[in-house]
Each structure stands twice: as structure tokens, then as C-alpha cells.
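The structure appears right after this line, and notes come after that.
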Amino acid sequence: MKHIRHGMGHWLAGAMLACAGQAHALGMDLPYESFATSPDVDWIKVCGQWPAPVQPGQGDGVYRIVHATRHAQSFLYLQWIVRDSTDSATAVHTEGFAAINNDHASITLSQMNCQVTRRGIRFTARAASGHDNSVFRITIDAGHPPGEVRFRTRQRR
């Protein structure tokens, strides 16, 4: 029995060394799944910068708009993203829009556009309702403080 334990110890030590060598390898290939996005996401736009509260030299903040389609309707999210000194991104705040993201709203967005303004960004889109076939425009103004948004709609004539 002592011989078996001793042999197992050598095997276990060898296995641990083999795994440790792989853990410290440089230049590891990162698979797509490391950055996976929901298959429903069909449009992502980085638009404008915001003065992120980071230490000097640690990066800056950007706005990101995410559009997804599920159940034949649009879902829209606005994110305030900050990059650190290693250029890694983190979402500081994500804002959803209940008027669109309600799973019974049946609203589809098209002609999506984003532009930088003095106070943040402005996102506009054409919206079509699947309930009554009405068409209208949406405008979202986002300010520099994360979560500061103004959502409004306007009927098309």
C-alpha cells in the first residue's frame, strides 16, 4: 500500500506541474465566448465621450447604445462605459426604456442614429408600432452623469 501511495504522489505532483505550466503561458488565445454577446443583439454603437470620474491617465468614458430584436420587436439600452488604465471596459450604468422594452410593446426601431452634443449624446430612431401601424420618432438625450436621460416621442405627420 505504501508503494501505491508513493506512486500516486509522484503522479499527482506531475499532473499539478503540467497544469501550472499551462496556467502561466503567455499569449493565450481568447475565444469569442470571452466577449460573447446575446445572439439577439443586432446593433451596437459607441457614440461620444463623457467625463468619467477616473484617476488621471486611467482612461475615459464612452456612451454605448445596444439594440436587440426578440419576439419581432426592438429592445434598446444605453450604457455609460468607462475604460481603466489597462483599456478594459466596464459598464458604469445601463439605462433601459420601458416604453420600448416592454415585451408587449411590439415596437420596432429603424433608421437609428447617434450624434454627439455639448451635454452628451442624442439618439434618434424611427419607431413603428405593431399594434396600430403608427409610425413615430423617438429622441433620447443622454447627459454626462450616468443615468441622466430624457426620452420623448413625436408622431410623424
Side-chain angles (χ1 to χ4, degrees), residues 18-157:
C19 290
Q22 291 175 351
H24 296 297
L26 294 177
M28 178 183 277
D29 185 25
L30 293 176
Y32 171 77
E33 290 76 21
S34 297
F35 304 97
T37 302
S38 168
D40 296 325
V41 171
D42 50 26
W43 192 79
I44 298 175
K45 174 77 173 171
V46 174
C47 178
Q49 293 185 326
W50 62 281
V54 295
Q55 300 299 323
Q58 278 195 331
D60 48 2
V62 295
Y63 300 93
R64 181 168 71 182
I65 299 163
V66 179
H67 178 270
T69 304
R70 183 177 287 172
H71 309 300
Q73 76 170 46
S74 291
F75 292 85
L76 188 69
Y77 304 92
L78 172 60
Q79 296 181 306
W80 283 256
I81 305 290
V82 67
R83 293 201 170 270
D84 64 17
S85 61
T86 66
D87 208 25
S88 294
T90 303
V92 173
H93 181 78
T94 300
E95 189 75 27
F97 303 94
I100 296 169
N101 295 353
N102 177 329
D103 66 350
H104 294 290
S106 291
I107 294 173
T108 55
L109 300 178
S110 61
Q111 301 174 4
M112 295 177 284
N113 188 29
C114 183
Q115 64 187 45
V116 177
T117 66
R118 285 185 308 135
R119 295 185 175 160
I121 62 167
R122 173 170 285 169
F123 172 82
T124 58
R126 178 185 185 269
S129 171
H131 291 298
D132 59 8
N133 294 325
S134 64
V135 176
F136 54 99
R137 300 284 307 165
I138 66 163
T139 302
I140 299 169
D141 289 308
H144 293 308
E148 180 181 285
V149 294
R150 181 174 171 224
F151 177 91
R152 58 190 188 280
T153 63
R154 181 174 47 99
Q155 285 299 121
R156 291 192 77 184
R157 297 173 199 207

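Predicted, not measured: the structure shown is a model, and the values here were computed from it.
- For the atom pair S129 OG and Q73 CD, the distance stands at 10.0 Å (nearest 0.5 Å).
- Ring pair W80/H93: centre-to-centre distance below 6.0 Å.
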inquiry  = The test is side-chain contact (heavy atoms from CB on, under 4.5 Å); show your working for R137 and T153 and say whether it passes.
reply    = CA-CA 6 Å; R137 300 284 307 165; T153 63; over 6 Å; no
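- Looking only at side-chain heavy atoms (C-beta outward), N102 and I107 stay at 4.5 Å or farther from each other.
- A donor-acceptor pair is defined here as one N or O able to donate and one able to accept, closer than 3.5 Å; no such pair exists between the side chain of T69 and the backbone of A72.
- The list of salt bridge (charged side-chain N to carboxylate O under 4.0 Å, His left out) pairs with a residue in residues 140-153, not counting sequence neighbours, reads R122-D141, D141-R152.
- The heavy-atom pair separating R118 from H144 by the smallest distance is O-NE2, 3.6 Å.
- For the pair L76/I140, a side-chain contact is recorded, criterion being any heavy-atom separation below 4.5 Å from C-beta on.
- With contacts defined as side-chain heavy-atom distances shorter than 4.5 Å, the pair E95/Y77 does not qualify.
- Residues I121 and I65 are in side-chain contact: their nearest non-hydrogen atoms beyond the backbone lie under 4.5 Å apart.
- Residues Q111 and R126 have side chains that never bring a donor and an acceptor to within less than 3.5 angstrom of each other.
- Taking CG from L78 and NZ from K45, the interatomic distance works out to 13.5 Å, rounded to the nearest 0.5 Å.
- Counting only heavy atoms from C-beta outward, the side chains of M112 and W43 approach each other to under 4.5 Å.
- To the nearest 0.5 Å, atom CZ of residue F123 and atom SG of residue C114 are 7.5 Å apart.
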message = What verdict does the side-chain contact (heavy atoms from CB on, under 4.5 Å) test give for Q115 and C47, after you've listed the backbone C-alpha separation in whole Å, the side-chain angles of each residue and the deciding distance to 0.1 Å?
response = CA-CA 7 Å; Q115 64 187 45; C47 178; 5.7 Å; no
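- Annotation: side-chain hydrogen bond (donor to acceptor under 3.5 Å, both in side chains) contacts of T37 (sequence neighbours excluded): none.
- In terms of heavy atoms, G96 sits closest to N101 at CA-ND2, 3.7 Å.
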message = Applying side-chain contact (heavy atoms from CB on, under 4.5 Å) to T139 and F151, what does each step give before you reach the verdict?
response = CA-CA 6 Å; T139 302; F151 177 91; over 6 Å; no
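- Of all the heavy atoms in S134 and Q155, the pair that sits closest is CB-NE2, 4.3 Å.
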task = Begin with the C-alpha distance, continue with both residues' side-chain angles, and end with the deciding distance and a verdict on side-chain contact (heavy atoms from CB on, under 4.5 Å) for F75 and V41.
result = CA-CA 9 Å; F75 292 85; V41 171; over 6 Å; no
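- For the salt bridge (Lys or Arg N to Asp or Glu O under 4.0 Å) test, residues two or more places apart in sequence or in another chain that qualify with D87 are R83.
- Note: I81 CD1 to Q49 CD = 13.0 Å, rounded to the nearest 0.5 Å.
- Between L109 and I100 there is a side-chain heavy-atom pair separated by less than 4.5 Å.
- Shortest non-hydrogen contact noted between A99 and A105 is O-CB, 3.8 Å.
- Counting heavy atoms from C-beta on, the side chains of R70 and S38 come closer than 4.5 Å.
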